[in-house]
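Just so you know, ligand 1 is whichever comes first in the structure, and atom 1 is the first atom listed for that ligand.
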Amino acid sequence: MKLYEHISLKPYNTFGINQKADILIEASDEKDILEALTSYPTLKVLGGGSNILLTQEVKTPLLKITQKGITTERENNSHIWLKAQAGEVWSELVDYCVLRNYGGVENLSLIYGSVGAAPVQNIGAYGVELKNAFHSCEAIDRESKQKVIFYKNDCNFGYRDSLFKQSKGRYIILSVTLCLTKKEHFFKTHYGNIKALLTEKGWEETPAHISQVIKQIRQSKLPNPIELGNSGSFFKNPIISREHLLSLQKTYPELPHYWVSVTQEKIPAAYLIESCDLKGYRIGQVGVHKGQPLVLVNYGNASGEDILSLAHYIQGQVKKRFNIQLEMEVNVW
Ligand code: EPU
């Protein structure tokens with residue numbers, strides 16, 4: 001266990017915000033985590049720092065799980081169950097799977113963040129969510145200090161949502177087990193231009209080819225946090241009632257929408273923000289990304305408050321024009 005005091009969190013958050021934490025503990029195994037919990041019962045877990053916006057100094061002790069390792073739990077002719085420790089980098093786990101021709105997570109290539117954080121918001125992209133390949137995870141229940149196992153059906157997975165998110169930090173995820181296909185894969189290539197790009201390259205559908213195409217799409221639209229601080233989608237795509245959609249379509253007949261249920265439709269927040277003429281908008285050190293308006297960026301030395309005020313401004317503009325309240329996907333600390 002390593003303990004740092006008054007440490008800058010700049011390297012620990014993908015927005016690159018320079019805020020300090022009073023205490024940061026790095027735990028490399030379960031024993032470390034339990035020890036940290038005993039000494040600091042109120043601690044918060046810091047994952048890959050790709051879904052937080054730091055607006056003030058962090059007084060609550062932070063726990064960073066650094067435990068790595070990917071192991072085969074079991075395997076048969078058609079499937080393999082891989083267990084990855086929480087401290088693994090998600091995109092490296094995807095590359096590990098793709099390299100071995102294991103199918104199921106190729107659409108989730110290049111999503112930043114740690115493996116331990118992936119189930120919390122049920123990460124998703126290009127028609128696939130973590131839950132599709134998720135088998136189970138191990139976690140420590142802070143109330144009982146016991147290790148518990150959650151299977152897919154226990155996790156209450158929803159769009160960018162899960163039991164772990166709903167229970168607000170009660171469970172500290174130790175590892176995630178994925179169930180992946182070895183031979184007969186079930187690819188999802190209907191989203192956007194995945195299929196078109198595969199055809200253009202003359203590539204058959206394999207985990208490696210799909211992963212490469214997804215990486216190409218992402219790199220052409222989304223900023224790399226190493227070059228430009230950001231935390232991926234800042235807002236969730238809002239879900240509105242069918243009546244609301246019908247009334248908006250009178251003014252915006254081309255409004256894109258995706259079926260959610262008989263009574264609800266999902267609207268791309270990117271479209272709403274772009275319609276408010278905010279795509280590429282910049283104010284001082286912060287801005288709305290020119291390639292994907294759902295992403296807010298730090299051009300250099302922005303503070304968390306700068307980004308938060310831009311987010312509030314965007315919410316206000318979208319509310320005024322569409323009467324839709326955009327909900328932040330990022331957690332504000
Ligand atoms: N759109 C615009 N203008 C743009 C971009 C998009 O109007 O500049 C509209 C278009 O109608 C487009 C639609 O938004 O068809 C959807 O765009 P896109 O495929 O880029 O996806 P998204 O809904 O904006 C979601 C995820 C992303 C994920 C992509 C691809 C959320 C909050 N975001 O974005 O996730 O990569 O789909 O599957 O659901 C992340 O969570 O950090 C993230 C980047």
* Any idea which protein heavy atom is nearest atom 36 (O) of ligand 1, and the distance to it? ->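 Here the nearest protein heavy atom works out to Arg218 NH1, 3.6 Å.
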
* Asked: What do you reckon, does Lys236 have a nitrogen or oxygen under 3.5 Å from a nitrogen or oxygen of ligand 1?
  ->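 In fact, backbone or side chain, Lys236 has no N or O that close.
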
* Is any NZ, NE, NH1 or NH2 atom of the basic residue among Asp161 and Lys131 found under 4.0 Å from an Asp or Glu carboxylate oxygen of the other? ->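 Here Asp161 does not pair with Lys131 in a salt bridge, since their nearest N and O are not under 4.0 Å apart.
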
* Asked: CD1 of Ile173 to CD of Gln85: how many Å apart, nearest 0.5 Å?
  ->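 Going from the CD1 atom of Ile173 to the CD atom of Gln85 covers 12.5 Å.
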
* For this output row, return yes or no: ring centroids of Tyr151 and Phe134 closer than 6.0 angstrom. =>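 For Tyr151 and Phe134, the ring centres are not under 6.0 Å apart.
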
* To do: Could you tell me if the ring centre of Tyr271 sits under 6.0 Å from that of Tyr252?
  =>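 So the answer is no for these two rings.
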
* Does Arg170 make a cation-pi contact with Phe164, if we ask for NZ or CZ under 6.0 Å from the ring centre and within 45° of the axis? ->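 Because its charged atom misses either the 6.0 Å distance or the 45° angle limit, Arg170 does not stack over Phe164.
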
* To do: With sequence neighbours excluded, tell me which residues meet ring-ring contact (aromatic ring centres under 6.0 Å, His included) with Tyr102.
  =>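 Scan of Tyr102 (ring-ring contact (aromatic ring centres under 6.0 Å, His included), adjacent residues dropped) gives none.
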
* **Interfacing atoms of ligand 1 (cut-off 4.0 Å, heavy-atom, Leu294)** =>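 Taking each heavy atom of Leu294 in turn, ligand 1 has 24 (O), 32 (C), 33 (N), 34 (O) under 4.0 Å.
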
Between [options], which one has a non-hydrogen atom sitting closest to [atom]?
{"atom": "atom 44 (C) of ligand 1", "options": "Gly232, Ser233, Pro293, Gly291", "result": "Ser233"}
{"atom": "atom 5 (C) of ligand 1", "options": "Ala270, Gly280, Ala125, Gly192", "result": "Ala270"}
{"atom": "atom 3 (N) of ligand 1", "options": "Glu274, Glu329, Lys290", "result": "Glu274"}
{"atom": "atom 32 (C) of ligand 1", "options": "Tyr271, Tyr258, Tyr191, Tyr159", "result": "Tyr159"}

* Residue pair Arg100, Asp95: steps toward the salt bridge (Lys or Arg N to Asp or Glu O under 4.0 Å) verdict -> CA-CA 9 Å; Arg100 288 160 180 79; Asp95 290 345; over 6 Å; no

* Asked: Can a non-hydrogen atom of Lys221 be found less than 4.0 Å from any atom of ligand 1?
  ->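 Yes.
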
* To do: Establish whether atom 30 (C) of ligand 1 and some protein heavy atom are separated by less than 4.0 angstrom.
  =>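 Looking at atom 30 (C) of ligand 1, one finds that a protein heavy atom does lie closer than 4.0 Å.
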
* Asked: Is Pro256 touching ligand 1 with its side chain, its backbone, both, or neither, if touching means heavy atoms under 4.0 Å apart?
  ->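 Under 4.0 Å from ligand 1, Pro256 contributes side-chain atoms alone.
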
